[in-house]
Amino acid sequence: MLRYLKRNPSLAVGIFLLAILVVFIAVGMLLTDPEDARPLSVPALRRPSWAFPFGTDRQGRDLFAAMVVGTPLTLRIGFIAGILGVTIGTILAFVAGFYRGAVDTIIRGIADIGLTVPGLLILIIIAVSVRGGLTVNQMALVVASLAWLNPTRTIRSQVLTLRERGYVEVARLSGMNGPEIIFFEMIPNLLPYLGATLVNAVSAAILASIGLEVLGLGPLEAPTLGMTLYWVNFNAAIINGWWWWWTAPIAIVLLVFLGLFFMTVGLDEIANPRLRRSV
Amino acid sequence: MRLLYIARRFAVFLLIVWLAASLNFFLPRLSGQDPVRTKLLAEAQLGGYVQAGIEDMVKEYNQKFGLDKPLWRQYLTYVGDTTRLDFNYSISNYPRTVRDLIAEALPWTIGLLGLTTLFSFAIGTFLGALLAWPGAPRWMRYVMPPLWALHAIPFFLLGLILMYLFAFQLRLLPIFGGYSPGAAPAFNISFVLDVIAHATLPALSIVLVATGGWALGMRGMMVTTMGEDYVTFAEAKGLKVSTIFLRYCVRNAILPQTTALALALGQILSGAVLVEVIFGYPGIGALLFQAIRENDHFLIQGIVFTVIVALGFTTFILDVLYPWLDPRISYQRS
Amino acid sequence: MSGAALEIQGLRVSFDHPLGLLRAVDDVSFTLRPHERFGLVGESGSGKSTMALAIMRMIRPPGHIDGGNILLGDTNLATLSGDAIRRARLAGIALVPQGSMNALNPVMRVGAQVADAMRDHGVSVSARAIDALMARVGLPAGTAQKYPHELSGGMKQRVCIAIAICLRPTVIIADEPTSALDVVVQRQVMRTLADVQQDLNAAILLIGHDMGLMAQFVNRLGVMYAGRLVEIAPIAEIVRKPRHPYTEMLIASLPSMDHKDALRGIPGLAPLLRDLPSGCAFHPRCPKARDRCTTERPEPRALGDGVLAACHFA
Amino acid sequence: MTAPLLQADRVGRVYGGGLLGAARTVALDDFSLSVGAGKPSVTAVVGESGSGKTTLARLLLGLTTPTSGTVRYRGEDITRLSGDARLAYRTDVQAIFQDPYGVFNPFYRVDHVLTTPVRKFRLASSRAEARALIELALRTVGLRPEEILGRYPHQLSGGQRQRTMVARALLLKPKIIIADEPVSMVDASLRATILGSLRRLTDDLGISILYITHDLATAWQVSDNIIVMYRATAVEAGQAEAVVKAPAHPYTRLLVGSIPQVSQTRDWLATEPDLQRPEERDAACRFADRCRFTMAVCHTDRPPLSRIGLRHAAACHLHGQHADLAAEDLNDVLA
């Protein structure tokens, strides 16, 4: 495995960054009491110190505890929505790309139109309509409702190219039916591509969820990364000079996105070796 | 054949308009009752000097979307109003209508978004093309990695960082708003400069992120194009390096890049909304944020509809221009 | 310089490969006389297409030219550098691409693809001149305004010929110009190539694998095997009495239309450049092979009547 | 008499022309042929690209559906076969494809393409028996199993891959093999060996072969009958000797004359130029725009198939005096 990573630096960097995140959360779980992430549990607006490594915010939350509790929540939203999105996307992509016909035109039409519409606005309309704000799991489902659009479109184009390959027709002549051809002949060749699409979907889902939260449409009581940034903006932390309030969430969000980005680039290189030639 | 292609693309645009109106109508009603009604009734009990106007609105709203009316009639009325751009009054800014508010905010967003997208697309595509070219200057190698890394982070995040560095610490640029408070909006030099100063940080946070994305996309396309037979033959024809680079490689690699632009508009806009929110930039995004905070459903639906239609129209224009870029398109079924 | 249109002296081209250096063209020499049609025949992997690219100085890494001279008239292309090579291409020596390649820029009218070639060589050209050029290669009026996807395979190949002759080069290299074209279209394209050669008084280097086509088109033929020229002779000699066993078997394996004999292929596998057989590379598949062939590599020997063969027992 | 094993019954296929108005191309037009009837034989279907020969192969293999007419296996429409009948159809009708590089899934070793049919058609009860079957098939096509099995596709030469595909077809002991341009992407030296092994399948194992090719020379060398296709229709058919040595249809003559031969006489280039009269492109006879003998009747009605010899037919008004041959009876002129 290590030898493999050496040949693919981007993937290695990506995994390394996410590993840092996991270590941070694990260590954090041990060191701090998750209850401190709730408002009014610690003195407000303290600068980072030994007692409060990331400082405290205006509502009396220990930002270190908030990050340790909040980050897994944001990641959970991203992974649930991402995995749901790619699973639905893959199924639709294969149904459309392999079986073609009317269903293909419909699915392709919906995906193409869906992608020209800004996702955040649709999510806003949904979130605003739900009484009393969303819980973390509801947020994941809301984001997942649009997360399947991009995977459907990209995986479908891959299925179309694979479908014309000679070995698919040979498989048909060897007695394999549709689903068997998809699982045993097509998917194995698509794995690196599916991996890249999944990481992309997770990254897009996290971005969407943070977007909603910064607009104040997230789970108000949960200290997720997005909600923390909402309170930063709400309390104009930057103008008031409370720099520690926003540096922690931004550093973690950067870590998440950079990690996922390098993983996508790495997986893309496996799926499309020609890209590696000139980097 | 070309007219048929344009007609088909326009049909897709009309579909998007209908879709936008339908989403605005059905999504809020998914959770059983009509949030707009509850908001209006709550507003009516508040009282206050705008009392009379709110009651008219409630009466008119019930008349159009009352419980006695069947859903499909309400839907038809709603789509009728929406396509005539009549989004009713803004609940939180009564008596101003949603249409006026949007009309005021839209130019700001078009200015910010239009310029930054075109700029980052042009620079990104150019950088990406150069980077894939073996003859590219050495220093290019070192410009790209930071742009790539920047591409991974959301616009507004970079916005926050830039705001802290340049506005708060160095006080080089204004920290908030579209123009200095108190400045009278007029087309004179000082006001324009003031606007540019305020728009610099939001624009920078979009351009620095988007450029890397376009560069990455273009480089991939160039790598594929440079392997094509017609590039090898162009070389055998003894064409100048610049001719091969521009008229054979870039000219072909730009096609999928333009399609990517059409598809990315939605995502760019979503990001720009958040940039406007954190910079208080008086565009559609900030207006939307204020509408969400005030739970002003008419304003929210008005903005969502307008933006979707505007993007749908932009995509339509790009689709219509595409055959001019790629002569093969108008002949095949796209 | 004996007034040869093109003279190749000891050309060597190799490719860096993880398993070591692959010598795709190994010390090849031949002369192309003015107004002559010289054929280069060989199977895939014999190095014939690499030859074409090497002569045009278009070998890209991981490939590189290790040695030898490429004399076009009195200029040595092997030592030319920078813009000089570019200017020599098309003006001095032109390439007609493979029939199966989409060698034309899909988003540019074909007429413009002739004009830009001439313009980049400092020759201004009028639309009328381009139409005349198109007519000369048998293309109907108005073709210049068309895009490649609007033309048939045969027509696209004629456009490439028009491009190749637009600067009246002294040598035209045609690398499998009719691959993937139907046999009827193939003859039309080859006749066009012959006609334009007449007008230009140019020499043609035809690279391919179809012995029948070679027999009907070229004046002299070189046979390539595993990167080396194993036989060079006037075509009549080769058809009458092939000297090298490989040439003989190559001719025998071509299905003839006259007599229905048992189809005779060449046993064994084409050699892999990374582990070439010792001595003569053809010995594992050669019916006349003796132990001398496995150790001593035969150098080309003159056998009279302009015939050269690299075989101990030719 | 019993229904033929595999039959194309007035089959037609049209591409495009959908509601979005794409260009409408007729790939195959009202074509009938029975394969595997009577003595095992090799029938070549020769034509330029776009003549419909590959479309015919894909229709007979059930890989594309006809827009008109039906393809029948033992008299039954193949699109309605199910269960055992479908399995029987698949075992009886097998194929060899053109591109030796595309037919192997790069993810698996070469064995996968051989073990799959054995598993799916339950050809062996144990692994050992399966292995033996596979090794026998490989040896039949002149390959040494230890050189092939366990390797990945990219480790084999084009010729080895193509012969492995022939072995794959043999595993199912088919009655018909449809070979679509099996040797066009293989070197000349190996072409003869593979074609020879195809011929032996018919002579030794009694398998009828439909040999789809653009190369009339290999068609003549290998097959008993030849059908010449031109723009989606059959213009000439019959016993190989007759079609090549005494071509009746002007297009077949043009085809025979265009093949460059290794011979002393060098007349190939000298023959008169091929005519092109685009304005006559949609005449009733599809060859009218390139034919030297175009008559008025060629523009108005479509030339019927007429029987010129015992086993030789052509669709051309030049032979109008001969008795007409209904499209479905194409087989009467084939061995």
Side-chain angles (χ1 to χ4, degrees), chain A residues 4 90 94 96-110 112-113 155 158-197 267 269-276, chain D residues 18-20 54 57-58 60-65 82-84 86-110 112-123 153 161-162 164-166 168-169 171-172 174 176-178 180-182 185:
Chain A
Y4 194 72
T90 308
F94 273 103
F98 189 73
Y99 292 100
R100 306 301 305 271
V103 72
D104 175 29
T105 333
I106 296 167
I107 291 177
R108 185 167 57 84
I110 295 172
D112 285 350
I113 291 178
I155 298 171
Q158 291 293 325
V159 168
L160 284 180
T161 43
L162 284 186
R163 188 176 182 283
E164 303 308 321
R165 290 284 164 71
Y167 57 80
V168 167
E169 286 181 343
V170 167
R172 255 201 205 114
L173 292 184
S174 295
M176 280 176 146
N177 57 38
E180 279 171 330
I181 291 180
I182 289 177
F183 279 106
F184 297 112
E185 299 287 335
M186 293 177 128
I187 285 190
N189 289 300
L190 270 181
L191 287 179
Y193 190 83
L194 289 178
T197 314
L267 288 169
E269 271 171 26
I270 301 169
N272 179 359
R274 206 206 312 237
L275 280 180
R276 191 181 307 139
Chain D
L19 46 91
L20 296 172
T54 304
R58 292 177 62 81
L60 290 172
L61 287 165
L63 294 174
T64 39
T65 50
S82 63
D84 293 348
R86 182 157 185 75
L87 274 185
Y89 162 65
R90 272 288 167 241
T91 26
D92 279 349
V93 180
Q94 269 304 323
I96 300 166
F97 290 105
Q98 172 176 11
D99 173 9
Y101 298 93
V103 285
F104 288 90
N105 190 329
F107 186 78
Y108 298 102
R109 293 176 196 278
V110 169
H112 171 75
V113 91
L114 298 166
T115 52
T116 310
V118 172
R119 186 165 36 82
K120 290 307 289 182
F121 292 98
R122 289 184 290 285
L123 302 172
R161 288 185 216 210
Q162 203 61 334
T164 309
M165 287 310 292
V166 176
R168 186 200 82 75
L171 280 174
L172 298 156
I176 296 171
I177 288 184
I178 297 177
D180 183 3
E181 298 267 15
M185 290 178 73

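In what follows, chains are A, B, ... by sequence order, proteins preceding strands, each numbered from 1.
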Q | Trace of the salt bridge (Lys or Arg N to Asp or Glu O under 4.0 Å) decision for A:Glu185 with A:Arg165 | A | CA-CA 10 Å; A:Glu185 299 287 335; A:Arg165 290 284 164 71; over 6 Å; no
Honestly, the part of A:Glu164 sitting under 4.5 Å from a heavy atom of chain D is neither
Atom group of [X] that falls short of 4.5 Å from chain A, counting heavy atoms:
| X | value |
| --- | --- |
| D:Phe104 | backbone |
| D:Asp99 | neither |
| D:Leu87 | neither |
| D:Tyr101 | neither |
| D:Arg86 | neither |

Comparing D:Asn105, D:Val103, D:Val113 against chain A, the one with the most heavy-atom pairs below 4.5 Å turns out to be D:Asn105
- Task: Count the heavy atoms of every other residue, nucleotide or ligand shown that sit under 6.0 Å from CG of D:Asp84, and state whether that count exceeds 12.
- Result: no
**Prompt:** Taking atom types as modelled, is there a side-chain donor on D:Arg168 or D:Thr116 under 3.5 Å from an acceptor on the other?
**Reply:** no
Interatomic distance, CE@D:Met165 vs CG@D:Leu114, rounded to 0.5 Å, equals 8.5 Å
When rounded to the nearest 0.5 Å, the distance separating CD of D:Gln94 from OH of D:Tyr89 is 9.5 Å
task = I would like to know whether A:Tyr193 and A:Leu162 meet side-chain contact (heavy atoms from CB on, under 4.5 Å); could you show each step before the answer?
result = CA-CA 12 Å; A:Tyr193 190 83; A:Leu162 284 186; over 6 Å; no
